Each structure stands twice: as C-alpha cells, then as structure tokens.
Amino acid sequence: MWLAKEAKRYGVTRFYADAWSAPGYMKTNGTDANGGTLKEEWRRAYANYLVQYATFYRQEGVRITDLGFTNEPDLATSYASMQFTPRQAVEAVKAIGPTVRRAGINLVCCDAAEWDEQASYSAATEADKEAADQVAVHTGHPYVTPSDQPLPTSRRTWMSEWSPNGTTWNEAWDGQNKAAARSASVEGGGGRRAGGYDGLAAIRVAADSGADGVKTTAFRNRNGQRVLEILNTGEDTVRADYALRGAGTSAGGGEARGAVYRTDDTHAFSRVGAARVRDGRLAVELPGRSLTTVVLR
C-alpha cells in the first residue's frame, strides 16, 4: 500500500493488481501453492474476493484500474500458483468478468509464462464472443519464449513481466550488465516533470550519441517536454554534443532550457545542473558509469 501511494503521489493513475492464486479452499488441490485449478462452483465467489481486494485499496485512496485473476497459468510452482488450460481460462473469464466490470475495473488475462502460450489463451478468448467482450487487456511473459510477435487480439496488449533470470543479478546501480542498463534507460524514460511523472505518456524518438560506450534514448512527453536518457558505460568522463533537430527553441519561441539529473553510485536521480540548447545543440558532461537524464522544456 505504501508503494502504491508513493506511485500515486508521483502521478501514476493506472494500477494493475494480479492474483497468483485463489485461496486454497477454492481450488482443486486445497492450497494456494503447487498449481491446482479453480473449482467451477467457486468462480463467482472468487470474482467477489478479487473485487473486495480492489475495494480495500480504494478505501485507502488508491484505485486499481486493471485486475488479473491468474498469473502464469501454464505453470505449477512451489509458491502461489494456479493452473488453467486456455478453455478453462475462457470459462473463468465469463464467470469473473461481469463482476469485475460492474466494479468499474478492467479484466486482464492471462500472464502466461510463455509468450507463445499466451497466444493460445488470447486466441481461445477471442474465439468466444462472451469471453472476448470481458477481457480489456491481454498480458504475457517472455520467460520461455520471447515476445517477438503480436498476440492474436485487437485489444490492448502488455508484456507485463520479465527478468534476465540466471546469475546475472548485480546490486550495483547499473548492474555492470546490459540487462540492467536497459532497465535504467527504460525507468528514466518515463519523463519526469515538476510535481510528478508522466509515466508511460511518452513517445520515443530517434537518438544517437555518436560516441563509443555512450547509449542514448530520447522521448517526447505528452506535456511537451523532451527527455534524453544518456548512459555512459565507460569509466572515463565524456563530453557529449548533441544536434537536436527542431529542438533549438522552447515552445514559446525562446532558447530551450531544462535540467540535468544524474544516477550513479552516489546519486539517485539527483538534479546536478541546468541544460541549455544553443543554435540547436546541447552539450552535456557524462561522468563515467553514470546515467544522465536531460529534461528540456
């Protein structure tokens, strides 16, 4: 709850809650772990259970907008897990969906561990009109098979979970590996603004540093801000110079200005200076092994 409230304070308005399992008494194996499936006679009670969970959050000031009833239904694990075949998931959707929708919440399905397997769940749902009408968002994970193709639906699609797995975890802020570097860039790319975050309301635009060891991504936020995420993977400081097409002036016609933020071993998205674009060019200093965020107004 604390984390959700902090996210809301930063401007987040869409919250996704996903149940990994129904309570054991509602399942065929009598426990919330080790797979098992939802008993048919408990489907509607499970829907009420999920909505009540969302109600508790709303009473605390956080509105859950999207709600999933299963996580990785293609797996049985030693922790909380619940299995469905695509056909069983369709029947669960038809039983659970109306209750969730009446509560003003989007129903989500089905967060399969394999992206290819999620395609089977999505296809089964789309083939049943009653079920198709209930599901607002189709979700999948690329742990076993990659998310390299669209799901067979015209509804909103989320790749809702992923990690590199294996022994690649490193507690250093940048992880000293490409997976962590990608995460750092994506996290910074949401677009910070005064008083909060624009979240996912950003459009990625083309960007290139032209320097070895420097990775750059750029975004245009809905509020008009332009954001550069610049990751210096080398040990030495780099003085980068960017030509910003169409970004030499602010929306009001004056010279573009903004702020520079840094994340490294001693900074956590800390403001470290001002940014200024002169004659369409931005110069910025990039300390070794640091993520620099430039926000232009």
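If you're wondering where the values come from, they're calculated on a predicted model, not measured in any experiment.
- Inter-residue side-chain proximity for L286 and V284 is flagged as met; some heavy-atom pair is nearer than 4.5 Å.
- Of the possible polar contacts, none joining the S270 side chain to the H267 backbone as a donor-acceptor pair under 3.5 Å is found.
- Residue L38 holds its CG atom at 9.5 Å from OG1 of T70, rounded to the nearest 0.5 Å.
- Y261 OH to L291 CG: the interatomic distance, rounded to the nearest 0.5 Å, is 13.0 Å.
- Without hydrogens or angle criteria, T216 side chain to I230 main chain gives no donor-acceptor distance under 3.5 Å.
- Across A17 and I64, no two heavy atoms sit closer than the pair CB-CD1, 3.8 Å.
- The closest side-chain heavy-atom distance from K39 to M26 is not below 4.5 Å.
- K27 and S21 make their closest contact through NZ-OG, 3.1 Å (heavy atoms, listed as atom of the first residue, atom of the second, distance).
- Separation of atoms CE (M1) and OH (Y57) is listed at 5.0 Å; rounding is to 0.5 Å.
- Y242 places no side-chain N or O within 3.5 Å of a backbone atom of A207 that could act as its donor or acceptor partner.
- Using a 4.5 Å heavy-atom cutoff, the side chains of Q225 and F219 are not in contact.
- Under the 4.5 Å side-chain heavy-atom criterion for grouping Ile, Leu, Val, Met, Phe, Trp and Tyr, V137 is not connected to Y121 through any hydrophobic cluster.
- R289 contributes a side-chain N or O that, together with a main-chain N or O of T233, makes up a donor-acceptor pair within less than 3.5 Å.
- Taken from CD1 in I96 to CD in Q134, the straight-line distance is 10.5 Å, to the nearest 0.5 Å.
- One N or O on the side chain of T37 and one on the backbone of Q83 form a donor-acceptor pair closer than 3.5 Å.
- Between Y49 and Y53, the ring centre distance reaches or exceeds 6.0 Å.
- In this structure, the side chain of S81 engages the main chain of Y79 through a donor-acceptor pair within 3.5 Å.
- Side-chain N or O atoms of N232 include none that pairs as donor or acceptor with a backbone N or O of S290 at under 3.5 Å.
- With a 4.5 Å cut-off on side-chain heavy atoms, R43 and E91 count as touching.
- V62 has its side chain within reach of K5: a pair of non-hydrogen atoms, C-beta onward, lies under 4.5 Å apart.
- A distance-only check finds a donor-acceptor pair linking the side chain of Y46 to the backbone of F69 [under 3.5 Å].
- In this structure, A112 and Q118 approach most closely via the heavy-atom pair N-OE1, 3.2 Å.
- No donor-acceptor pair under 3.5 Å is formed between the side chain of N221 and the backbone N or O of N223.
- Of all heavy-atom pairs spanning A7 and F15, the tightest one is CB-CE2, 4.0 Å.
- Using a 4.5 Å cut-off on side-chain heavy atoms (C-beta onward), D74 and V144 make no contact.
- Residue R14 places its CZ atom among more than 12 non-hydrogen atoms of other residues, nucleotides or ligands, all under 6.0 Å distant.
- Using a 4.5 Å cut-off on side-chain heavy atoms (C-beta onward), R156 and N106 make no contact.
- Side-chain contact between R155 and V135 is absent, with no heavy atoms from C-beta onward closer than 4.5 Å.
- With sequence neighbours left out, the side chain to side chain contact (heavy atoms under 4.5 Å, CB included) criterion links A132 to E126.
- Nearest heavy-atom pair across L282 and R276 is CD1-O, 3.7 Å.
- The NZ atom of K94 lies 10.0 Å from the OG1 atom of T125; values are rounded to the nearest 0.5 Å.
- Between the side chains of T139 and D111, at least one donor N or O lies within less than 3.5 Å of an accepting N or O.
- For the atom pair CG (N48) and CZ (R44), the distance works out to 9.5 Å, reported to the nearest 0.5 Å.
- Between G140 and W115, the closest heavy-atom pair is O-CZ3, 3.5 Å.
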